[in-house]
Amino acid sequence: MRIATWNINSVRARADRAVAWLESSGTDVLALQETKCKDEQFPHAVFEAAGYEVAHVGRSQWNGVAVVSRVGIEDVEVAFADQPGFGEDGPVVEARALGATCGGVRVWSLYVPHGRSPDHPHYAYKLAWLEQLRRNAEGWLEADPAAQLALLGDWNVIPYDSDVYDVTAFEGHTHVTQPERDAFFAFADAGFTEVSRVHVPEEGRYTYWDYQQLAFPKNKGLRIDFAYTSPALTDRVTGVSIDREARKGKGASDHVPVVVDLED
DNA sequence: ATGGCCTAGTTGCTAGGA
């Protein structure tokens with residue numbers, strides 16, 4: 001089975017591109033982030049015509065996450081327990097996490113809050129969000145140590161200095177602060193393995209390139225999209241790839257898919 | 001090659017992204 005994660009940066013603008021990629025890559029389950037639409041606006045028909053079922057949560061033009069699958073979708077959750085919210089007029093739970101069981105694997109599509117700047121309330125929200133997700137993940141493993149869990153998504157954290165083209169460009173910014181990195185690595189402490197690092201250990205293998213200033217041709221990117229797997233699922237992983245071909249051409253998302261292969 | 005921001009809504013500017 002082949003599973004993947006991709007921040008699509010508007011599913012309405014790129015539904016055809018996403019389905020073409022699903023078919024050409026032979027992907028069975030895809031976690032999408034930043035669909036940027038409400039549920040009723042999601043282009044279901046485009047995916048269904050290709051044989052994929054869709055579970056989506058989107059409440060506005062912002063955020064939005066989905067799981068699409070051709071091996072079934074069961075037990076959909078549109079948030080994790082006690083998922084922190086954000087808002088000027090009181091916290092509102094955003095469409096940033098969706099869980100679904102596909103082909104026996106519990107897949108979570110995750111869009112971690114950006115943080116905006118280290119002194120912005122969004123930054124505290126980001127840390128709280130990651131901590132509460134990690135508590136849930138620990139609980140899922142505690143309840144079933146043999147659970148096959150995949151935490152897939154745009155983590156909005158640059159774990160190592162080598163995961164950015166020039167770390168000095170991020171001084172004073174989010175993504176590289178120690179609390180964010182600690183929150184990211186806490187999932188490893190909880191028993192999960194970030195399998196893209198295992199199979200794609202080389203530096204300069206980014207998953208995101210800004211649209212501006214020829215960032216992609218110059219390979220001035222960030223590595224911020226990751227796949228954490230539980231021990232039982234890690235045992236099944238045969239390979240991981242980052243499909244930078246998907247960044248090419250007019251109309252590309254600024255992120256590319258991270259693909260995880262599992263033995264049957 | 002891969003090419004000098006993009007998307008959607010409150011549209012002709014603004015917010016958000018990283």
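To find a chain, count down the sequence lines: A is the first, B the second, and so on, and within it residues start at 1. Note that these values count all heavy atoms, side chains included, but never hydrogens, waters or copies made by symmetry.
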If we take the C1' atom in both B:dT14 and B:dG4, what is their distance in whole Å? 23 Å
Can you measure A:I224 atom CD1 to B:dG17 atom P for me and round it to whole angstrom units? 12 Å
Would the A:Y160 and A:F185 ring centres measure less than 6.0 Å apart? yes
How many whole angstroms separate atom CD1 of A:I8 from atom P of B:dT7? 11 Å
With sequence neighbours left out, what residues match A:R244 under side-chain hydrogen bond (donor to acceptor under 3.5 Å, both in side chains)? none
Relative to the 5' end of DNA chain B, which residue comes earlier, A:E245 or A:Q61, by the nucleotide with the nearest heavy atom? A:E245
Could you give the distance separating B:dC5 and B:dA18 at their C1' atoms, to the nearest angstrom? 12 Å
For A:R70, is there an ion pair with A:E23 - N to carboxylate O distance below 4.0 angstrom? no
Separation of the P atoms in B:dT10 and B:dA15, to the nearest angstrom: 14 Å
Residues two or more places apart in sequence or in another chain: which of them pass ring pair (Phe, Tyr, Trp, His ring centres under 6.0 Å) with A:F187? A:W155, A:Y228
For A:D254 and B:dA18, give me the distance from atom CG to atom C1', rounded to whole Å. 9 Å
Hey, could you give me each pair passing salt bridge (Lys or Arg N to Asp or Glu O under 4.0 Å) that has a residue in residues 216-232 of chain A? Not counting sequence neighbours. none
Can you tell which of B:dT7, B:dG17, B:dA18 lies closest to the side chain of A:R96? B:dG17
Rounded to whole angstrom units, what separation is found between the CD atom of A:E34 and the P atom of B:dA8? 11 Å
In whole Å, what separates the C1' atom of B:dG12 from that of B:dA1? 36 Å
Decide if the gap between the ring center of A:Y206 and the ring center of A:Y165 is smaller than 6.0 angstrom. no
In whole angstrom, what separates A:K126's NZ from B:dG16's C1'? 14 Å
Once side chain to side chain contact (heavy atoms under 4.5 Å, CB included) is applied, do any residues pair with A:D210, and if so which ones, sequence neighbours excluded? A:Y208, A:Q212, A:A215
Rounding to a whole Å, what distance do you find between A:W155:CH2 and B:dA18:C1'? 18 Å
How would you label the contact of A:N63 with the nucleic acid (heavy atoms, under 4.0 Å): base, sugar-phosphate, or nothing? nothing
Please work out if A:N156 contacts a base, only the sugar-phosphate, or nothing of the nucleic acid, heavy-atom cut-off 4.0 Å. sugar-phosphate
Can you see which heavy atom on A:V260 is nearest to which on A:A227, and at what distance? CG2-CB, 3.8 Å
Counterpart residues, side-chain hydrogen bond (donor to acceptor under 3.5 Å, both in side chains), relative to A:K248 (two or more places apart): A:E245
Mind checking A:Q33 for me? I need base, sugar-phosphate or nothing, with any heavy atom below 4.0 Å counting as a touch. nothing
Any residue in residues 108-116 of chain A with a heavy atom nearer than 4.0 angstrom to DNA chain B? Just list them by number, or reply none. A:Y111, A:H114, A:R116
When you compare B:dC6 with B:dT11, how far apart are their C1' atoms, in angstrom units rounded to a whole number? 15 Å
Hey, which of these two, A:V11 or A:K218, hits DNA chain B nearer its 5' end, going by closest nucleotide? A:K218
Determine the interatomic distance between P on B:dG3 and the same-named atom on B:dT7; round to the nearest Å. 14 Å
Can you check the A:W62 CH2 to B:dA18 C1' distance for me, whole Å? 14 Å
N/O contacts under 3.5 Å, protein versus nucleotides 3-6 of chain B?
from, atom 1, to, atom 2, distance (Å)
B:dG3, OP1, A:G249, N, 3.2
B:dG4, O3', A:Q213, N, 3.3
B:dC5, OP2, A:Q213, N, 3.0

Scan A:Y208 against the nucleic acid and name what it touches under 4.0 Å (heavy atoms): base, sugar-phosphate only, or nothing. sugar-phosphate
Return each pair, listed once, that meets side-chain hydrogen bond (donor to acceptor under 3.5 Å, both in side chains) where at least one residue sits in residues 38-51 of chain A; pairs must be two or more places apart or across chains. A:D39-A:H56
Nucleotide B:dT2, atom P - distance to OH of A:Y165 in whole Å: 23 Å
Which ILVMFWY residues can you reach from A:Y211 by hopping between side chains whose heavy atoms are under 4.5 Å apart? none
Are any of A:H255's side-chain N or O atoms less than 4.0 Å away from OP1 or OP2 of B:dA18? yes
